[in-house]
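This report refers to the structure that appears directly beneath it.
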Amino acid sequence: DVGITDSCLDEVEELISVERPILESLCYETLSQPGSLVRIKAPSLMGKTSLIRRIIAQAAKQNYRTAYVNFYLAEKKDFANLDQFLKWFCISVGQSLGLPNKLADFWDEQFSPSKMNCTDYFEKYLLAQANSPLVLCLDEVERVFPYQEVASDFFGLLRAWHEQGKIRNIWKRLRLVVAHSTEVYIPLNINESPFNVGVPIELTEFTKEQVQDLAVRHGLNLTDAEIQKLMEIGR
């Protein structure tokens, strides 16, 4: 029998995601549209990260630029205030794109608010690097939820960029993927939330029988106890 190892967990998540081709196609179709936004909600080990990998691979095939930011890589100090957080965010996106840090060229510490500085950094630097669309995948965004002051401004900024994508060509290049594994429990103005626009994708938990069937079809010999443990870990 196969033990519950990290490699086993990765394989289970991978095989689960393979079973959702309709949702994958919906993601691809949505992100082909200018200024689009896809919202992915899924418990741990339900294929969320694997789906994001496939989105990135498909986008690359379309010659889109891609960037991936996992918010669990942010340290506690990065959430100290909005300015610090948005700097971390801009640098993280730039690093994913293979671009050097140019915050000093675009960040007006004295006269411009943080959200304007961040918007300028995207508009005049990150998005301006090429005419091709940029698929920006933001994973584990629930990591931001406990920091309410940062969260409300950051998610409001994402919503503002999405709205800009309806009217301005430079922002039509941005295609957002926002993924989270918990409910959105922070209070957000309905007109400033990215969680009530775009296309929602929800990956629900599998039953014990479905996990067993998937495991057998992919050569995993799991006992009932191991399957139950996998399902408990994912909750």
Side-chain angles (χ1 to χ4, degrees), residues 27 30-40 52-53 55-75 77-141 143-144 147 149-180 192-194 197-198:
C27 290
T30 300
L31 294 170
S32 69
Q33 303 301 314
S36 52
L37 187 154
V38 170
R39 295 181 283 114
I40 301 174
I52 291 173
R53 290 194 198 108
I55 288 172
I56 290 173
Q58 179 66 21
K61 289 180 182 178
Q62 302 299 317
N63 294 318
Y64 293 176
R65 294 190 299 154
T66 62
Y68 173 81
V69 177
N70 189 319
F71 286 84
Y72 272 108
L73 295 179
E75 299 179 4
K77 64 180 177 60
D78 296 317
F79 297 98
N81 55 64
L82 182 65
D83 192 69
Q84 177 67 27
F85 177 76
L86 292 181
K87 287 178 178 177
W88 173 87
F89 178 61
C90 286
I91 291 172
S92 298
V93 176
Q95 287 177 336
S96 185
L97 290 168
L99 296 174
N101 174 2
K102 290 194 175 183
L103 283 183
D105 296 337
F106 295 93
W107 215 269
D108 185 342
E109 301 279 4
Q110 187 171 2
F111 297 110
S112 294
S114 301
K115 288 190 289 186
M116 184 177 295
N117 285 329
C118 184
T119 299
D120 282 348
Y121 197 75
F122 268 77
E123 184 172 313
K124 298 176 181 178
Y125 181 45
L126 299 179
L127 291 175
Q129 288 296 304
N131 291 325
S132 59
L134 168 59
V135 175
L136 175 55
C137 298
L138 309 180
D139 201 0
E140 310 290 357
V141 300
R143 178 77 169 82
V144 189
Y147 305 91
E149 291 186 5
V150 171
S152 60
D153 281 326
F154 174 63
F155 291 124
L157 186 61
L158 295 183
R159 172 64 179 266
W161 290 351
H162 174 63
E163 298 299 332
Q164 285 288 304
K166 299 176 182 178
I167 56 177
R168 297 187 59 203
N169 288 333
I170 188 71
W171 288 100
K172 289 179 181 180
R173 298 178 191 174
L174 183 64
R175 320 291 166 85
L176 283 169
V177 178
V178 179
H180 55 105
E192 298 178 356
S193 171
V197 292

For the residue pair Ser114 and Leu86, establish whether any side-chain heavy-atom pair is separated by less than 4.5 Å.
yes
Any heavy-atom pair between the side chains of Leu97 and Gln129 that's under 4.5 Å?
no
Considering all heavy atoms of both residues, which atom of Ala67 and which atom of Ser96 are nearest to each other, and what is their separation?
CA-OG, 3.3 Å
Drop me the distance from Ser92's OG to Leu138's CG, to the nearest 0.5 angstrom.
10.0 Å
Run the numbers on Asp139 and Ile52 for side-chain contact (heavy atoms from CB on, under 4.5 Å), then give the verdict.
CA-CA 8 Å; Asp139 201 0; Ile52 291 173; 3.6 Å; yes
Which distance, rounded to the nearest 0.5 Å, do you find between the CZ of Phe79 and the CZ of Phe154?
9.5 Å
Residues Leu99 and Tyr125: closest non-hydrogen pair is CB-OH, 3.5 Å
Mind running side-chain contact (heavy atoms from CB on, under 4.5 Å) on Trp88 and Lys77 for me, showing each step along the way?
CA-CA 10 Å; Trp88 173 87; Lys77 64 180 177 60; over 6 Å; no
Heavy-atom closest contact (Met116 atom, Ser112 atom, distance):
SD-OG, 4.1 Å
What's the separation between atom CG in Leu37 and atom CH2 in Trp161, rounded to the nearest 0.5 Å?
12.0 Å
Decide yes or no for Phe106 and Lys124: does some side-chain heavy atom of the first lie under 4.5 Å from some side-chain heavy atom of the second?
yes
Spatial distance of atom CD (Glu109) from atom CG (Leu103) [nearest 0.5 Å]
8.5 Å
Atom pairs and distances, donor-acceptor, side-chain atoms in residues 171-178, under 3.5 Å, two or more places apart:
{"residue": "Trp171", "atom": "NE1", "partner": "Glu123", "partner atom": "OE1", "Å": "3.0"}
{"residue": "Arg173", "atom": "NH1", "partner": "Leu127", "partner atom": "O", "Å": "2.7"}
{"residue": "Arg173", "atom": "NH1", "partner": "Ala130", "partner atom": "O", "Å": "2.9"}
{"residue": "Arg173", "atom": "NH2", "partner": "Asn131", "partner atom": "OD1", "Å": "3.1"}
{"residue": "Arg175", "atom": "NE", "partner": "Gln33", "partner atom": "O", "Å": "3.3"}
{"residue": "Arg175", "atom": "NE", "partner": "Lys172", "partner atom": "O", "Å": "3.0"}
{"residue": "Arg175", "atom": "NH1", "partner": "Leu31", "partner atom": "O", "Å": "2.9"}
{"residue": "Arg175", "atom": "NH1", "partner": "Ser32", "partner atom": "O", "Å": "3.4"}
{"residue": "Arg175", "atom": "NH1", "partner": "Gln33", "partner atom": "O", "Å": "3.4"}
{"residue": "Arg175", "atom": "NH2", "partner": "Lys172", "partner atom": "O", "Å": "3.4"}

Would you compute the distance between atom CD1 of Ile56 and atom SG of Cys137 and round it to the nearest 0.5 angstrom?
4.0 Å
Which heavy atom of Val141 sits nearest a heavy atom of Phe155, and at what distance?
O-CZ, 3.9 Å
Report yes or no: does Asn117 contribute a side-chain atom to a donor-acceptor pair with the main-chain N or O of Asp108 at less than 3.5 Å?
yes
So, do Asp83 and Lys87 sit near enough that their side-chain heavy atoms are less than 4.5 Å apart?
yes
Take a 6.0 Å sphere around CZ of Phe111 and say whether it holds more than 12 heavy atoms from other residues, nucleotides or ligands.
no
Test side-chain hydrogen bond (donor to acceptor under 3.5 Å, both in side chains) on Asp120 and Trp107 and set out the steps.
CA-CA 8 Å; Asp120 282 348; Trp107 215 269; over 6 Å; no
Answer yes or no: is there a side-chain heavy-atom contact under 4.5 Å between Val135 and Arg65?
no
Heavy atoms from other residues, nucleotides or ligands near CD of Gln62 exceed 12 (cutoff 6.0 Å)
yes
Between Phe89 and Val144, is any pair of side-chain heavy atoms under 4.5 Å apart?
no
Taking the side chain as everything from C-beta on, heavy atoms only, tell me whether Val93 gets closer than 4.5 Å to Val69.
yes
Steps toward side-chain contact (heavy atoms from CB on, under 4.5 Å) verdict (Phe122, Thr119):
CA-CA 5 Å; Phe122 268 77; Thr119 299; 6.0 Å; no
Do Arg168 and Glu163 sit within salt-bridge range, that is, some charged N less than 4.0 Å from a carboxylate O?
no
Main chain of Pro194, side chain of His162: is a donor-acceptor contact present, judged purely on distance under 3.5 Å?
no
Between Arg39 and Val197, is there a donor-acceptor pair closer than 3.5 Å when you use the side chain of the first and the backbone of the second?
yes
CG of Leu73 to CD of Glu140: how many Å apart, nearest 0.5 Å?
10.0 Å
Taking Val150's backbone N and O only, do any of them form a donor-acceptor pair with Asp153's side chain (distance below 3.5 Å, no angle check)?
no
